[in-house]
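First up is the structure itself, then whatever we jot down about it.
Keep in mind that what you see is a predicted model, and the values were worked out from it rather than measured. Lettering of chains follows the sequences in order, A, B, ..., and the numbering in each one begins at 1.
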Number of protein chains: 2
Amino acid sequence: MRLGMPESDFPDIRSLEIFAEMDQVHFESLMRGGYVQTFPPHVDLIAEGDPSDFLHIVMSGSIDLFASWNGRDSSLATVRPIATFILAATIRDAPYLMSARTLEKSRVALIPSQDVRAVFDVDSGFARAIVNELSQAYRRKIKAMKDLKLRTSLERLANYLLREQDRCGGAAGFDLPFGKARLASLLGMTPENLSRAFRNLQAYGVTVNGSRISITDQRDLETFAAPSPLIDDDRI
Amino acid sequence: MRLGMPESDFPDIRSLEIFAEMDQVHFESLMRGGYVQTFPPHVDLIAEGDPSDFLHIVMSGSIDLFASWNGRDSSLATVRPIATFILAATIRDAPYLMSARTLEKSRVALIPSQDVRAVFDVDSGFARAIVNELSQAYRRKIKAMKDLKLRTSLERLANYLLREQDRCGGAAGFDLPFGKARLASLLGMTPENLSRAFRNLQAYGVTVNGSRISITDQRDLETFAAPSPLIDDDRI
DNA sequence: TTTGATGCTTGATAATTATCAAGGATAAAA
DNA sequence: TTTTATCCTTGATAATTATCAAGCATCAAA
């Protein structure tokens, strides 16, 4: 349904970092061509290989980026508000390299890719914001690559738990934000081995009850996990 | 030695995609602050964690990007002429996430990062080129991630050989561009297992003699490797 | 309450990958 | 030529991870 963006959404979107510094005229022209939609959980939004017709922006909820090959598939990232996804494909007018689906009920803004490219060419504030977003996405991928190539699966899980604890506010107890099968896929392991990995982390002060995690010995877990800002710090 | 860039290098550098569209005044100001240096093989250029003082551009030779954690290390990418490396760190004024060293004798141009950021802000042609470079680098990383998470080590080697064959012109025989220990690290395996993987690929028509590879049964290897443009095609 | 259905866990086993130790091959240096 | 060093390979073994099959828990529908 191409209805255009309701004006009531303008302020929310305007406050996103990627739109904050751009010219008002350009902003409004982007908004006129775009729209916001709410999707139920577990809905496919895009499929890898498709042409990149829209820039997607997650306003609420969360999105799973994943990829498939030869019958296997793997989760590559979670996108949380407020962030774009598949920006590089949009900018290059190239096919998506990843598929995307909602993990939960999610509100997503869609802006036609050709409009994004057109405004990019004439609005240096927007161009600057896109470079910020792209360079951050690139560095996140480098970190994910280091995590995957330099650590064992147990170390990846330990560091994931520390990052997630931090994201949830730092308390000893917190909930996993999605199912363990997907967590296993994100971490590059099977669900069976994730179960066993959780059991192995008990020795370092981790208790699991359903999706509830308690870090009972912070020091011990951190000693084992040995987190590094050059892999685990999202702000750098 | 900060001697400034010799004018004889200007045309070479000006023809690089990243500098091609920018204003001549801005180009010359970048060149005045930069310089070109030739390094012998196996020289460390930058270390992860260091502040990003210079944008690096490989003019000739080749560069190994790698990372370390807890005493382990892993090669993450090879940079070949003509390309920048560590552009994202330069743009964000953030520490390098990877270390870099020469694989062979290499000529590298160095441009002070602060100059790059300053010109980026005022030259839209340059900003456009930087976005091109960044988005391409990002998509390359996504592909590398899919390669690593979706394929077994034998499949990664098979696809690597097909890509390398293509890069070398497509003939049945070609030479590996660096030692097998580094290839193993790039592919996320040990040198011992790389040896065994080469032996296993004999069954699919691959012959190895030192660093000389011959693909004797192209069809058979491609059937096994099942290359995908969304992972293996560098042009997309 | 029973009945599925789903998601997670467990155990047994197989496959893959890593590690350790030793042995070639090659090429440059003595 | 011998020596030395480097790089690669091989075999034996250990560790890790995946697969398969079964079982348990939770929850919602019947």
Separation of C:dT26 C1' from B:Asn209 CG (nearest whole Å): 12 Å
Ring geometry between A:Tyr96 and A:His56 (parallel below 30°, tilted from 30 to 60°, perpendicular above 60°): perpendicular
Presence of salt bridge, B:Asp234 and B:Arg140, under 4.0 angstrom: yes
Upstream residue (5' side of DNA chain D) when A:Arg151 and B:Phe198 are each assigned their closest nucleotide: B:Phe198
Note, B:Phe54 side chain near B:Thr90 side chain (heavy atom, < 4.5 Å): no
Rounded interatomic separation in angstrom, taking CG from B:Leu154 and C1' from C:dT17: 12 Å
OP1 or OP2 of C:dT10 under 4.0 Å from side-chain N/O of A:Arg199: yes
B:Thr223 side chain vs B:Arg219 backbone, donor-acceptor pair below 3.5 Å: yes
Close residues, residues 185-195 of chain B, relative to DNA chain C [heavy-atom separation under 4.0 Å]: B:Met189, B:Thr190, B:Glu192, B:Asn193
Donor-acceptor pair present, B:Arg196 side chain and D:dG11 base, under 3.5 Å: yes
Donor on one side chain, acceptor on other, A:Ser113 and A:Asp53, under 3.5 Å: no
Spacing between A:Arg182 atom CZ and C:dT6 atom C1', to the nearest angstrom: 18 Å
Whole angstrom value for the distance that separates P of C:dC8 from CZ of A:Arg212: 17 Å
Side chain proximity check, A:Ile63 to A:Leu45, heavy atoms < 4.5 angstrom: yes
Between D:dT17 (P) and A:Leu157 (CG): distance, integer Å: 11 Å
Distance-only polar pair, side chains of A:Thr84 and A:Glu133, donor-acceptor under 3.5 Å: yes
Between D:dT17 (P) and B:Leu148 (CG): distance, integer Å: 13 Å
Value in whole Å for how far the P atom of D:dC7 lies from CG of B:Leu183: 15 Å
Rounded distance (Å) that lies between atom P of C:dA5 and atom NE2 of A:His42: 18 Å
